[in-house]
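Residue numbering restarts at 1 for every chain, and letters A, B, ... go by the order of the sequence lines.
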There are 2 protein chains.
Amino acid sequence: MVDVARRAGTSTQTVSRVLSRPELVSEATRVLVEKAVRELNYIPNSAARLLASTTSRIVAVIIPSLSATVYAREVDQIIRVLEPASFSVMIGHSDYSERREERLIQSFLERRPDGFILTGTQHTDLARELLKNSGVPVVETFDGDNDAMDISVGFSNYEAGRKVGDLFRSRGLTRIAYVGGRIEQDFRSNARFDGLDSRLREDGLAPVARIQLKLPMSARDGVAGLDQVLDVDPLTQAIFFSADALAISALLECNRRGVRVPEQMALCGFGNYDLADATMPALTTVAVPFETIGELAATAILDRINDRVKEPRRITLPLQLLRRGSA
Amino acid sequence: MVDVARRAGTSTQTVSRVLSRPELVSEATRVLVEKAVRELNYIPNSAARLLASTTSRIVAVIIPSLSATVYAREVDQIIRVLEPASFSVMIGHSDYSERREERLIQSFLERRPDGFILTGTQHTDLARELLKNSGVPVVETFDGDNDAMDISVGFSNYEAGRKVGDLFRSRGLTRIAYVGGRIEQDFRSNARFDGLDSRLREDGLAPVARIQLKLPMSARDGVAGLDQVLDVDPLTQAIFFSADALAISALLECNRRGVRVPEQMALCGFGNYDLADATMPALTTVAVPFETIGELAATAILDRINDRVKEPRRITLPLQLLRRGSA
DNA sequence: GCGATTTATGATATCGCTAACACTGCTTTC
DNA sequence: GAAAGCAGTGTTAGCGATATCATAAATCGC
């Protein structure tokens, strides 16, 4: 920056101003400085800027895993919103573990991010404390059922479960199973199960099976889930899968085995992935606005950083049950 | 850090040592300092560290888009390797545009990353120059066909095209089409086409159609691609799709229309996605080691940063043609 | 036409850490 | 028993930017 200043015949302070608040500098000197910057290929050092100004223009994002399409698409949108505002995005994997999330928060805090976007509302006490002490804005996503620390952007997993229960019950089905992630890992899947369960209880019923798959899940696990359900109750009439990939592979497997969907077995997915309407029959599923979540979470962080919004906020997005052929 | 030092009764330098090179400090003072760190909830400031030591422990990753499964899985692995080495990962989207990549490189350089992982070998001149001047290690991925700046980790897209050509020709098929991304955007898809084309030319043939889809592609585009191929040549016998998602949706559409696969229409995908072996018939495809690419790219960056490797390197991973039912 | 503002620029003091060197006791070596 | 080596710790001087205040020049109101 000293070199640029010398070449432009100004002080470093003026160079700094041209770079971050050009409206304070006269047109003539601005042009001069910009020329010097270009000629010297000067690239500012953001660490020095952070040290002097205490704003990093970094947002930390913690998701369970980038391999899960949902989160990859969410992060994609987050980046699309934050990048134009010249924020960089730092990503970490919690692998569905609160402990790992805690460690990540701790290590991300060393970078003094201007915001955190977390997944879910379940965190360790230390994690909460660290975040609170740091004073960094936090947005929690994907969980509209529980209280958030400050801002939350999500949907009700519980409602999703109830909606699917409604659908199955409207067809008079009674032997209904659920396939999701491990109870101690996948809190949001649990909430979906609870919703389904509560709906069935209203009619004096209960799920005939609840299968817990190890995370992360692959499509193949859909067939495993199907088989485990049939092991527990061979007369099962309907299955709600916690992710479309599972449901699709189960549906294709039913086709292969000659099990008629939905007559013999009704299937419902969750997420509305790319291929959900390509199967035959097309997959009935719950459309989850994960890209909107990413967009709104990023916008909420920006609003908070720029002090446009001061109060805690809770944004709950509507879910849509897409009734297609499979249920 | 001053507070920690005071509380532990040492100098800040000793605190610094405990944090970054504890082997230089006696057990007794180390314990004392660690206690003070815990009690004060001290979190070091990485910007100050970077300013003083010129190492950021950041690796910048630029991919076309996180919405494409391939790149999401690659980045997933990159993070899994770099995080334990206490590097943070910064991600940007080029959206298949060299211009955008150039701008990203420029803005990432402000953070003084210790390494760059790029996608492909196609970059603007300025991008190359900036990277060269900065002296940051660069790994280029997914392109084993062209020369890299320094280290490359990828596979031959050209070879992939030839392999698929071999397969189709071994069945005596002559009317072969290709469906991929736009020629001016998707360089790696182009190389696959070139490989297929060169193989067909050996037998005096040429592709009957080359469909270019707008990026980013969704599964739905597979059906569009299929239709466009049939528009150009209704007698087409085989199609090579540049991504499994496209091929799967085309395959399911063929099932729906009563077109027999592979007898009337042979289909081959690329990538070996999760659902590729769940269809009926199962999808013949090229297995791409994208997770290995992520892992090796990250490892290569670490090796370079730690000066374990000094020479340019070119890692080319083998591809596997998975012959399943669809071709 | 003179004091009061406003606009544009500069000087100086940090921000929080680490590199480099200096120092203090010990132990080792022959 | 003196010289040399070593482990452990401290002192000092930056790293490259911005905040803050000071100053100079231009514009304003009446």
Side-chain angles (χ1 to χ4, degrees), chain A residues 1-37 40-58 86 88 107-114 133-135, chain B residues 1-37 40-58 86 88 106-114 133-136:
Chain A
M1 190 177 251
V2 173
D3 295 341
V4 174
R6 189 167 14 235
R7 186 169 194 116
T10 66
S11 69
T12 59
Q13 189 49 235
T14 298
V15 175
S16 168
R17 275 191 277 257
V18 169
L19 262 34
S20 35
R21 309 188 54 197
E23 70 277 10
L24 295 181
V25 179
S26 75
E27 166 101 20
T29 47
R30 211 194 61 228
V31 169
L32 230 59
V33 170
E34 279 166 351
K35 184 157 159 286
V37 165
L40 292 174
N41 258 324
Y42 166 69
I43 295 179
N45 182 325
S46 65
R49 171 177 298 159
L50 166 53
L51 204 54
S53 73
T54 65
T55 149
S56 60
R57 302 201 83 79
I58 290 177
S86 58
S88 295
S107 93
F108 278 152
L109 278 175
E110 297 189 7
R111 311 247 177 223
R112 302 294 186 268
D114 292 336
N133 290 346
S134 72
Chain B
M1 190 176 252
V2 173
D3 296 339
V4 174
R6 186 166 17 231
R7 185 170 194 115
T10 66
S11 70
T12 60
Q13 188 50 235
T14 299
V15 175
S16 167
R17 275 191 277 255
V18 168
L19 262 34
S20 34
R21 308 187 56 197
E23 70 278 9
L24 295 180
V25 179
S26 74
E27 166 99 19
T29 45
R30 211 195 60 226
V31 170
L32 231 60
V33 169
E34 279 166 353
K35 182 156 160 286
V37 165
L40 293 174
N41 258 324
Y42 167 69
I43 294 179
N45 183 325
S46 65
R49 172 178 296 158
L50 165 53
L51 206 52
S53 73
T54 65
T55 149
S56 60
R57 304 201 82 78
I58 290 176
S86 57
S88 295
Q106 192 138 24
S107 92
F108 277 152
L109 278 174
E110 297 189 7
R111 312 248 177 221
R112 302 294 187 266
D114 293 335
N133 290 346
S134 72
V136 187

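Distance B:Arg111 CZ to D:dG16 C1': 15 Å, rounded to the nearest Å. Distance B:Leu51 CG to C:dT14 P: 17 Å, rounded to the nearest Å. C:dC15 atom P lies 20 Å from atom CD of A:Glu110, rounded to whole Å. Atom CE of B:Met1 and atom C1' of C:dC15 are 14 Å apart (whole Å). Between A:Asn45 atom CG and C:dC15 atom P there is a gap of 18 Å when expressed in whole angstrom units. As a whole-Å value, the separation of B:Glu27 CD from D:dA7 P is 16 Å. We find that CZ of A:Arg57 is positioned 12 Å from P of D:dT18, with the value rounded to whole Å. Atom CG in B:Leu32 sits roughly 10 Å away from atom P in D:dT9 (whole-Å rounding).
Between B:Thr12 and the phosphate of C:dG16, there is no side-chain N or O to OP1/OP2 separation shorter than 4.0 Å. Of the side-chain N and O atoms in B:Thr29, one or more sit less than 4.0 angstrom from OP1 or OP2 of D:dT9. Contact check, B:Ser11 against D:dG10: a side-chain N or O comes under 4.0 Å of OP1 or OP2.
The side chain of A:Ser53 approaches D:dT18 more closely than any other nucleotide in the set C:dG10, D:dT18, C:dG16. In the set D:dT18, D:dG14, D:dA17, D:dA17 carries the atom at the smallest distance from any side-chain atom of A:Pro44. Looking at the side chain of A:Ala48, the nearest of the listed nucleotides C:dG16, D:dG16, C:dA19 is D:dG16.
For the side chain to side chain contact (heavy atoms under 4.5 Å, CB included) test, residues two or more places apart in sequence or in another chain that qualify with B:Ser20 are B:Ser16.
Listed by first and then second residue, the salt bridge (Lys or Arg N to Asp or Glu O under 4.0 Å) pairs involving residues 11-20 of chain B amount to none (not counting sequence neighbours).
Among the heavy atoms of the strands lying under 4.0 Å from B:Thr10 are primed sugar atoms or P, OP1, OP2 only; no base atom is included.
The closest side-chain heavy-atom distance from B:Thr54 to B:Arg112 is not below 4.5 Å. Put simply, the side chain of B:Phe108 does not reach to within 4.5 Å of the side chain of A:Ile43, judged on heavy atoms.
Looking at which nucleotide of DNA chain C each of B:Leu50 and A:Arg30 is closest to, the 5′-most match is held by A:Arg30.
Remark: side-chain polar atoms of A:Ser46 are paired, donor with acceptor, to backbone N or O of B:Glu110 under 3.5 angstrom.
Heavy-atom distances under 4.0 Å link DNA chain D to A:Gln13, A:Ser16, A:Ser20 of residues 13-26 of chain A, given in residue order.
Judged purely by distance below 3.5 Å, without hydrogens or angles, the side chains of B:Arg111 and A:Ser88 pair a donor atom with an acceptor atom.
Residues B:Ala48 and A:Leu51 come closest through the heavy atom pair CB-CD1, 3.7 Å.
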